[in-house]
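Below, chain A is the first sequence line, B the second, and so on; all start at residue 1.
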Amino acid sequence: MPRSIISKLLGATLPGCTTYCEGNAVPELPEVETTRRGIEILLQNHTVDTVNIYDKRLRRPVTENLPSILPGAKLSKVTRRAKYLLLDFLYGTLVIHLGMSGSLRVVSSKSPRQKHDHVEIHFSGDLCMRFRDPRRFGLLLWLESNPMEHTLLRDLGPEPFDPVCDGGYLFDRSRGRTLAIKNFIMDAHIIAGVGNIYANESLFRARVHPGRAAGRIGLRRYQRLSNVIRSVLTGAIEVGGTTLRDFVSETGAPGYFGHELQVYGRAGEPCIHCGQALRSKMIGQRSSFFCSGCQR
DNA sequence: AATCGCGCCTGACGGC
DNA sequence: TGCCGTCAGGCGCGAT
């Protein structure tokens with residue numbers, strides 16, 4: 001890996017923060033955004049040399065003719081919609097989802113492929129983007145028409161940072177809904193990109209009980225919740241910047257700051273506000289963590 | 001229309 | 001030591 005590449009990444013990190021990498025972290029929106037930035041910094045305007053597909057069996061089969069489509073194409077732009085990454089080339093878009101266990105890293109073309117590296121795209125400048133996904137819940141799809149009109153992306157709700165996605169919006173969408181608020185905010189058709197971990201964290205900070213019916217929460221609490229969701233995600237994205245250097249390591253990938261999680265995975269530990277033991281419960285087949293004293 | 005529950009998949013972990 | 005069951009969970013889909 002050339003020194004100039006390393007310095008590009010180091011230049012993207014925040015001063016005064018240390019690197020942290022959790023190997024098996026589930027990619028949530030902040031990890032996807034961090035990955036987007038890493039790819040953009042390293043690969044924008046680079047041209048594809050070759051593509052190798054070693055295992056096409058993902059959530060959907062990997063577009064089979066990528067190796068004949070992509071070579072010669074220049075990566076013009078890397079964007080994100082919900083947890084989907086969109087790599088724009090002149091004649092189409094490569095849509096990538098990391099699923100439960102996926103990661104992308106950019107390494108030297110000469111570095112050996114590792115277990116579960118299912119797809120690799122070699123770019124000009126000795127750079128290789130590898131898609132690794134042990135559980136194969138991810139997705140790599142080549143689209144030649146507008147990706148936003150594809151069924152996977154078409155019906156997604158607004159991004160949390162979109163000004164329209166405020167407390168009033170969530171309040172309006174939730175009227176008459178009886179499902180738990182946690183399931184409501186994890187529905188990507190309502191608000192895009194809130195996964196289990198940050199749903200738990202956001203509800204704790206907003207002091208809303210995860211099991212409460214979405215339709216029985218008032219406007220003011222939704223305003224607080226939407227602000228909290230934005231600040232939690234923003235904070236995690238900023239931290240992600242400090243892990244960008246892991247993007248070029250063989251073993252690492254951008255990860256969380258695990259110690260910033262206040263409730264997730266902390267059943268039995270004391271609530272940081274009231275000291276009461278945090279509880280866990282399955283809500284909508286997903287583990288939920290909360291403080292029954294602070295959250296109503 | 002809304003809600004619920006399943007299945008995809010592998011690795012980690014705990015119990016025996 | 002090894003085997004087996006359970007859990008983790010994003011997402012789409014089918015059933016109710």
Side-chain angles (χ1 to χ4, degrees), chain A residues 21-36 54-62 80-86 95-104 114-119 131-141 143 147 149-157 159-160 170 172-203 210-217 229 233 236 251 253-256 258 261 263-268 280-290:
Chain A
C21 176
E22 187 163 333
N24 296 319
V26 176
E28 289 244 14
L29 188 142
E31 288 70 35
V32 177
E33 177 59 24
T34 299
T35 300
R36 187 198 70 75
Y54 298 98
D55 193 341
K56 64 175 182 180
R57 298 171 302 159
L58 301 184
R59 191 170 115 206
R60 295 184 177 198
V62 177
R80 179 187 58 75
R81 178 73 174 103
K83 292 178 191 167
Y84 291 91
L85 288 166
L86 307 173
V95 179
I96 302 178
H97 195 289
L98 301 177
M100 292 287 305
S101 58
S103 60
L104 286 171
Q114 299 193 20
K115 198 178 182 185
H116 306 302
D117 283 349
H118 304 313
V119 179
F131 175 85
R132 182 178 305 173
D133 188 3
R135 286 175 228 181
R136 293 194 276 113
F137 280 20
L139 183 96
L140 266 93
L141 213 53
L143 300 179
E149 288 168 12
H150 191 274
T151 51
L152 287 172
L153 301 173
R154 191 184 54 199
D155 301 321
L156 289 171
E159 294 287 323
L170 293 175
D172 290 344
R173 291 295 303 267
S174 62
R175 292 311 87 187
R177 304 289 300 267
T178 58
L179 83 171
I181 180 63
K182 178 157 171 282
N183 297 338
F184 180 71
I185 61 173
M186 286 178 67
D187 182 348
H189 301 100
I190 300 295
I191 174 172
V194 180
N196 195 38
I197 292 172
Y198 291 116
N200 278 299
E201 293 296 314
S202 300
L203 289 167
R212 174 168 288 273
R216 300 196 56 189
I217 295 169
I229 289 172
L233 293 177
T251 54
Y256 313 100
L261 301 179
V263 288
Y264 184 83
R266 294 187 181 276
S280 71
K281 180 186 175 187
M282 295 301 274
I283 297 176
Q285 284 84 248
R286 292 291 173 256
S287 57
S288 307
F289 300 87
F290 58 95

Item to check | From C:dG10, C:dA8, C:dG12, nucleotide with atom closest to A:L152 side chain | outcome: C:dG12

Item to check | d(CZ, A:R57; P, B:dC9) in whole Å | outcome: 8 Å

Checklist entry - Roughly, in whole Å, what's the span from CZ in A:R286 to P in C:dG10? => result 6 Å

Checklist outcome for this item: Nearest-nucleotide check on DNA chain B, A:R59 vs A:T178; residue mapping nearer the 5' end is A:T178

Item to check | Among B:dG11, C:dA8, C:dC11, the one nearest A:K83 by side-chain distance | outcome: C:dC11

Next on the checklist: From NE2 of A:H97 over to C1' of C:dG10, roughly how many Å is that when rounded to an integer?
Outcome noted: 6 Å

Item to check | Any donor-acceptor pair under 3.5 Å from A:N196 side chain to A:S287 backbone | outcome: yes

Next on the checklist: If I take atom CE in residue A:M100 and atom P in nucleotide C:dG12, what distance separates them, rounded to the nearest angstrom?
Outcome noted: 14 Å

Checklist entry - Using a cut-off of less than 4.0 Å, is there contact between a side-chain N or O of A:K115 and OP1 or OP2 of B:dG11? => result yes

Next on the checklist: Counting C-beta onward and ignoring hydrogens, is there a side-chain heavy-atom pair between A:V95 and A:H150 closer than 4.5 Å?
Outcome noted: no

Item to check | Distance below 4.0 Å between A:Y84 side-chain N/O and C:dG12 OP1 or OP2 | outcome: yes

Checklist entry - Is there a donor-acceptor pair under 3.5 Å between the side chain of A:R212 and the backbone N or O of A:A180? => result no

Checklist outcome for this item: Here the distance between atom P of B:dT10 and atom NE2 of A:H116, to the nearest Å, is 8 Å

Item to check | Integer-rounded Å distance: B:dC9 P and A:K56 NZ | outcome: 14 Å

Checklist outcome for this item: Winner on side-chain proximity to A:L179, out of B:dG11, C:dG10, B:dT3, is B:dT3

Checklist entry - Hey, does the side chain of A:R173 reach the backbone of A:F184 with a donor-acceptor pair shorter than 3.5 angstrom? => result no

Checklist entry - Is the backbone N or O of A:G99 less than 3.5 Å from a side-chain atom of A:S101, with the two atoms forming a donor-acceptor pair by type? => result no

Item to check | Within residues 181-196 of chain A: residues closer than 4.0 Å to DNA chain C (heavy atoms) | outcome: A:M186, A:N196

Checklist entry - Considering only B:dT10, B:dG11, C:dG10, which nucleotide approaches the side chain of A:R136 most closely? => result B:dT10

Item to check | Test item: A:E201 side-chain N/O and A:V263 main-chain N/O as donor-acceptor pair under 3.5 Å | outcome: yes

Checklist entry - Bend angle of the helix from B:dA2-C:dT16 to B:dC16-C:dG2 from five-pair axes at both ends, rounded to 10°? => result 50°

Checklist entry - At their closest point, which heavy atom of A:I283 faces which heavy atom of A:K182, and how far apart are they? => result O-NZ, 4.2 Å

Item to check | From C:dA8, C:dG10, B:dA2, nucleotide with atom closest to A:R177 side chain | outcome: B:dA2

Next on the checklist: Applying side-chain contact (heavy atoms from CB on, under 4.5 Å) to A:L58 and A:F131, what does each step give before you reach the verdict?
Outcome noted: CA-CA 11 Å; A:L58 301 184; A:F131 175 85; 3.5 Å; yes

Checklist entry - Is there a side-chain contact between A:P30 and A:Y198, using heavy atoms and a 4.5 Å cut-off? => result yes

Next on the checklist: If I take atom CG in residue A:D55 and atom P in nucleotide B:dC9, what distance separates them, rounded to the nearest angstrom?
Outcome noted: 10 Å

Checklist entry - Tell me, do A:T35 and A:S103 make a side-chain contact under 4.5 Å, heavy atoms counted? => result no

Next on the checklist: Measure CZ/A:R135 against C1'/B:dG7 and give the value in whole Å, please.
Outcome noted: 15 Å

